[in-house]
Amino acid sequence: MLSNIFSLSFLVSLLAGTIRLATPILIPALGQIYTQRAGILNLSVEGTMLMGAISGFTVACATGSLWLGLLTGIVVGMLFSLIMAWLSITVRANQVIAGIGLNILGAGFAAYLYRVIFGIRSLPAQIDSFQQINIPVLSDLPIIGQIFIQHNILVYLAFLLVPLTWFVIEKTTFGLKIKAVGEHPKAADSKGISVYRIRYSAVLIGGAYAGMGGAFMTIAYMNSFTESVIGGRGYISVAVVIFARFLPSRAMWGALLFGLASALQLRLQALGAAIPSQLLLMLPYLATIAALIFASKKAEFPSAYTLPYSRLER
Amino acid sequence: MENMAVKMQGITKAFNGVKANDHVDFYLEKGSIHGLLGENGAGKTTLMNILYGLYQQDEGTIMINGKIEDISSPVKAISLGIGMVHQHFMLARPLTVVENVMLGRKSRRGILLDTKQTAQELAAVSDKYKMGVDPYSKIWQLSVGEQQRVEILTAIYMGAQTLILDEPTAVLTPQETELFFDTLREMREDGKSIILITHKLEEIVEIVDEVTVLRDGKMIGTKKMDPSVTKGELTNMMVGRDVLFNFPEITKQPGEVKLSFRNICVRNDKGLPALKDFSLDIRESEVVGLAGVDGNGQKELCEVLTGLRKADSGEMTLGGEPVINKEPIFFINKKVSYIPEDRHTTGLALDWSLKRNLIFKSIGKAPYSRNGLMQSKCINAYWEKAKDEYQIKAICGDEKARSLSGGNQQKIILAREIDVEPEVLIADQPTRGLDVGAAEYVRNKIIEARNNSAAVLVVSADLEEILQISDRIAVIYDGELMGILPRGADTYEIGELMMGKREEVAVSGK
Amino acid sequence: GSASPDSSSSPAVSANPSDNTAPAEKMKVALILPGKKDDVSFNQAMYEGMNEYFNNHQDEVELKVVENMYETSEIEPTLIEYAEEGYDVIIGHGYQFTEPLVKVAKQYPDTYFLLGCGVDSTTNSAIYDVKLEAGGYLMGVIAALTTKTGKVGVIGGGEGAEITRGHEGFKAGAKSIIADIEIQEVYTGDWNDTAGAYEAAVSMYDSGVDVIWHSGDGIGLGVVQAAVEKDKYVLGNVEDQKNLGASNVLSGLQYEWGMVLDKIFSDIKDGSFTTKTGEDKTYWINIANGGLSMTDLNDTKGYLTQEKIDQINTIFEQLKNDEIELPSVEAKQG
Amino acid sequence: MESKLKSTVKEVLGTVIMLALALLVGAVLVVISGNSPMEAYSTMLRGAFGSAQKICELFVELIPILLMAFGISVAFRAQLWNIGATGQFTIGAIAAAAVALYIPVPSGIAIPLSMIAAVVAAAFWAALAGWLKNRFNANEVITTLMLNYIANCFLLYLVNGPMQDPETDLSQSALVPVGMMLTRLFGDYRLHSGIFIMLIVTVIMFFFWKTNFGYRINLIGQGEKVATYAGVNVKRTTVMTMMLSGALIGLAGWIQIFGIQYRILSGIAGSYGDIATIVALLGALNPYGIIAAGVFFAALRCGGNSMQRMTDVPFSVVDVIEGLIIIFVIAKTIVNNKTLGLRDKFRRKQGGKAHVE
Ligand SMILES: Nc1ncnc2c1ncn2[C@@H]1O[C@H](COP(=O)(O)OP(=O)(O)OP(=O)(O)O)[C@@H](O)[C@H]1O
Ligand SMILES: Nc1ncnc2c1ncn2[C@@H]1O[C@H](COP(=O)(O)OP(=O)(O)OP(=O)(O)O)[C@@H](O)[C@H]1O
Ligand SMILES: [Mg+2]
Ligand SMILES: [Mg+2]
């Protein structure tokens, strides 16, 4: 059966799956580029995504508007990451502990909200999620159409965010300030840049993207909410940023690589590869480590990475 | 009309209850260069940080151009025409010059960067003051002197009328310093006012119009500089006593060759050749001064000599034993002491206590360690002894090294490196940033080590210092040995070699 | 085998457990779920079954349900706490309860313990389980009779116990119809990985599979969603899932824990619970006893001819009468 | 000395206030879910300390938490962010079970052998991340995290494949030999002799930071450059630190296997990894703090479980309260010291006891 791997339909399905699976990693990863460039390692992306997922889903359910749901996910993501910002920037807490604490909080809170809002139902709440776009001729193109032109609108939005993120970081004053506060906050401060404000913004933007990624999972990828809907994607996206050396285009490749590993893993299982399913499940994680190995040698971390800033500290 | 650019009155600022500034009055006349003198920790930087809005004073008022101003942040300071070049450069290394400049100002293209325009204007200012700065080079590619110029350029470009320079010359070579002073004079011509913090009294005498002296956070006085003011007078104001520029007598003549290296080739952090076939011998009871413009391979050489950097090729013997590319611990055990140039990331563990910093090269060694356990009692006793002997000003041994002033930090390193009675002492810029008193103290200690039979290599950009303490003077340029001169050599000659003029080389001396 | 250290101490209550439940006093029942009450699957089926029993016997029974008891090291103190608090029947709904449940059952001989899908029992404890191999077999038959492409699929969450048996049953059932049928199988590795199940289902449909059975637990949602999007058939599990995809849920299995619970509780009341031994200590839900049933065929695409529908019904009857030899799990290792 | 006492009181008071605040927010959630917070919290309290059995359970919980938190603290002191406790625990447990099940030697030999296997396996699993950092500069936060997932997949593979209990079709291994199980100390209560190992390790940890190795670990946490300068072999120490960290975590895995679980099965590490990480950090990476935080979290979890069992409060509330406590406690620093300037002053007065944030 493994000969099927080389069939065209397999490849088409694989690549379409890759793009789909890459999207919910790409979105938060792009957000974390802002955050990490500003010198903050936000491990709470996972919890933030969950909050985005539950809130986006709830609002979409209540209003019937997916876009409103998406917006809510983004806003809630920002609100939740505000806690991270406060802890890591104002309180100057250790970022690892703050991140883990927030993940526990986010997971608990999302489950709590779901139960309180939706109660126990014999069938879960569902919505009509974003449907794949259908461009008459293009979507029907044999291979290209099936791989690229059959996703929902948010997938395209996510990939559009790649050049946008690049543009903001490289070409705007805001991007420059982000790089500066991550690199040499004291210098930025002495040049009249509010390190706190820039870092807060960077964390909030990261939160917005993470919230969007979370909402994507419940209103565009799936059409229901479960507690494990994020399933480690937040952590993976943090890894992708480091793998990407903080560059948006490389983050896209990182997300695609992870998507490919996940999609391939499922398909190899389905085709009855002689490898036990549990070992195949390792594939995406092994791929992440492998990617890190190849990328890290050259990775230049922002000099103030994970370091809180205080003007008074010498 | 008011002719004071800055008037600070009754400025008080306390850290942890300790007054870094205690009712300081400081007046800066327009169009003048004003020196600010004081020992390490006297409160110079603190005062200037207050003027620049980085710190808020606890008491006192600031008047800029005759108006009382509340300088709540650097932005406010910049808008009042105040610029500052810090003791530690405030430049983001991966960014370009123009990017660093754009950080501090509003873009004319709104949220978009106006890189091109800024770069052009920057180049224009650079040309005007003959600074030769390329706006598009990345900071990490620049030498220390160039970075210095970038900082000044930035301040001028930002429209600074009052410029604060915190120890700008500490890292410059004599030639660079001359160039730099020319720039300062030109700026004074343009009507700008300049505050110059320095520990080098000659510089005060050479360029400053007026000088203010701080001691222990208090203002001692302000003096108009005229030829009648002597260095001794200034020192006395600073330290509160006469500093005797006396060195211990030289009690021993150089002995056998202790440390010898031949044809060392090594790369720097960027992978470029830093030393090319470098050879030198250092004898027992001998101080070899290594003169050279900063960044010509001195740091890499010191690191090879202490095992911190691996040489690509070459040979090295210590007391006759081949030792090239051994681990750092090997050299430590062989009593090779090293005072590194960078005390913040190499010489000290800033967040460790002073005590621990004193013994961190002796982890696992008696008497500080017994049966695998570090002995607190023994370490405490050693701290008390070192504190007295090296006159370290600190609240207690449990204080973090970070909280000490630069001079006292250097004393910690000195105590650690010299107290082991080193057989070889490598000292890289041992007095950089130290006040005259502290510098004198350090040099004394180095001579003492020499008299105790140590073979000493002193790297310094300060020719004065090299001439004072060296038995022989080696000159390095672009990773190559340019020549070796005897004690009392001519400054001009050394300067020539430092600029790259070659001389016949006899590595062993005599 | 059990290996708990011998226990002699137990609260001094009357020797015969049935004396314990005086008619006036309500029987206190604790149900411990490893997952969530609303997982649309294994846990929910039991939760609803138990609730149903509770509703029918409100004057006799008091019910306490705790969910999400997923940390195995917490199981033993949980069981002890309920036993200490005077609960009469304690139900551990999952195989991971086996060890601690048997151990605690010995410590509290006057309390009744029920174990979901596990192995091993004591005098005062019993097992209830689902013959999912039978259900799986039926699903396999339906899938194989329905497929137009000769490719069918089965998707599960975590491997093990009844799930593995169900999958083996599915394969056997499908092969009994078409000997060389292509069967794709995926485990997502996580009981609740809906997204993974969705992706797996999409990949199967993309490769030509046109009927998938999912073996439940959270993941089912993802499979049904994929079926709806790809407009292919899916076979449900545990609950009737037609509401999730009206035109794509072809049929499915439905668990009826209610009847097993009725039986167990009546056994407890009449005292026969403690006297049973061996095989009798396992209460099965099965096609044969009606605990496992098939939801109505919903062939919106019209793939099934009457002939095939008859064949399905025949096999259903045969399963009911235990006339079909079902695969044993060991077959998988081969 | 008086000021030291004062600052300690202040510290404790601050923590208590923060805990109270966290519980207050939790109470609001309990009310929203339609339950009585008084009942919830009193159940929680009873669940943690209500009887001898409950106290025993508290210690049962404390054993792995404390051991793992110590392990984590070792790595964190060196600024090696070992987030991989879950994976190291899993690998340790697997190795322990494998020896117990497949090496037919008398339990007198099998017990120490399995302990060594668990410790060594977990140490190497952790060292892998250290090695990847040394060799490829691969960020250990990510690698340890990924190694968690990989260890979990590996565990799933084993319990469904080669190590599956041949007697059943369940996702678990066979039971370890009865002779290897740690004896229970008080009748049926689960508290087992593993607690002595925990006590020994705790005592050792008090000395550990005074050892040469402890100093070296602390020093590499101060920066690679200064550590190298001080003669410490940073790469070697990095790997050794990760090994020690993993070893302690693996030991916890060993204890859980022979004291509580008696076999491996999926999800064996539970959420101990996260909790221990929090405990290590809230305990400021020093033994006193870790013990205090460990006891607190053990009680919180025992009580929380009890609350979940005995009231109708949704299970997620316990998680939320846990998360809130972490956040409020770390937020305490700022409230304690109002401004950052004061905070620095505070630190300096404390005399900068080797204390890591
Ligand atoms: N941010 C700070 N936190 C704590 N103490 C400080 C801080 N800044 C300065 N101090 C203390 O204030 C005093 C004055 O320091 P300052 O840096 O102003 O000295 P300085 O005159 O610039 O010395 P140097 O010549 O070494 O640069 C010192 O005792 C120093 O320890
Ligand atoms: N990580 C390391 N980096 C550099 N040098 C080390 C390192 N570990 C050990 N050494 C060197 O090896 C020597 C012995 O190491 P060891 O760890 O056994 O010290 P200590 O010896 O514990 O003291 P004792 O033998 O009294 O118990 C030390 O003195 C030290 O110089
Ligand atoms: Mg200064
Ligand atoms: Mg030793």
- Item | Smallest separation among heavy atoms of A:Ala304 and A:Arg199, with atom names | CB-NH2, 3.7 Å
- How close do A:Ile230 and A:Met217 get, heavy atom to heavy atom, and via which atoms? CD1-CG, 4.0 Å
Closest-packed option against chain A by number of heavy-atom pairs under 4.5 Å, given [options]:
options	answer
D:Leu282, D:Asn148, D:Asp319	D:Asp319
D:Ile326, D:Ile142, D:Ile83, D:Asn152	D:Ile142
D:Leu145, D:Thr143, D:Leu132, D:Leu155	D:Leu145
D:Val317, D:Ile325, D:Ile32	D:Ile32

- Message: Exactly one of A:Ile104, A:Ile97, A:Val91, A:Leu105 should register a side chain to side chain contact (heavy atoms under 4.5 Å, CB included) with D:Ile327. Which one does?
- Response: A:Leu105
Polar contact flag, side-chain donor to acceptor under 3.5 angstrom, [X]-[Y]:
X	Y	result
D:Asn82	D:Ser245	yes
A:Asp189	A:Tyr309	yes
A:Glu183	A:Ser303	yes

- Winner by heavy-atom pair count (cut-off under 4.5 Å) against chain D, out of A:Asn103, A:Val96, A:Leu279: A:Leu279
- Among A:Leu281, A:Leu43, A:Leu41, A:Ile100, which residue forms the greatest number of heavy-atom pairs with chain D at distances under 4.5 Å? A:Ile100
- Under 4.5 Å from a heavy atom of chain A, the part of D:Ile321 involved: neither
- Let me know if D:Val141 has heavy atoms under 4.5 Å from chain A in its side chain, its backbone, both or neither. side chain
Using non-hydrogen atoms and a 4.5 Å limit, figure out which bit of [X] sits close to chain D: side chain, backbone, both or neither.
X	result
A:Val116	side chain
A:Ile83	side chain
A:Ala98	both

- Scan for side-chain hydrogen bond (donor to acceptor under 3.5 Å, both in side chains) pairs involving residues 105-118 of chain A, sequence neighbours excluded, and state none if there are none. A:Arg115-C:Asp38, A:Arg115-C:Glu67
- Message: Show me the pairs that pass side-chain hydrogen bond (donor to acceptor under 3.5 Å, both in side chains) and involve residues 267-283 of chain D, at least two apart or across chains.
- Response: C:Glu71-D:Ser271, C:Ser73-D:Tyr272, D:Glu61-D:Tyr272, D:Ser271-D:Arg301
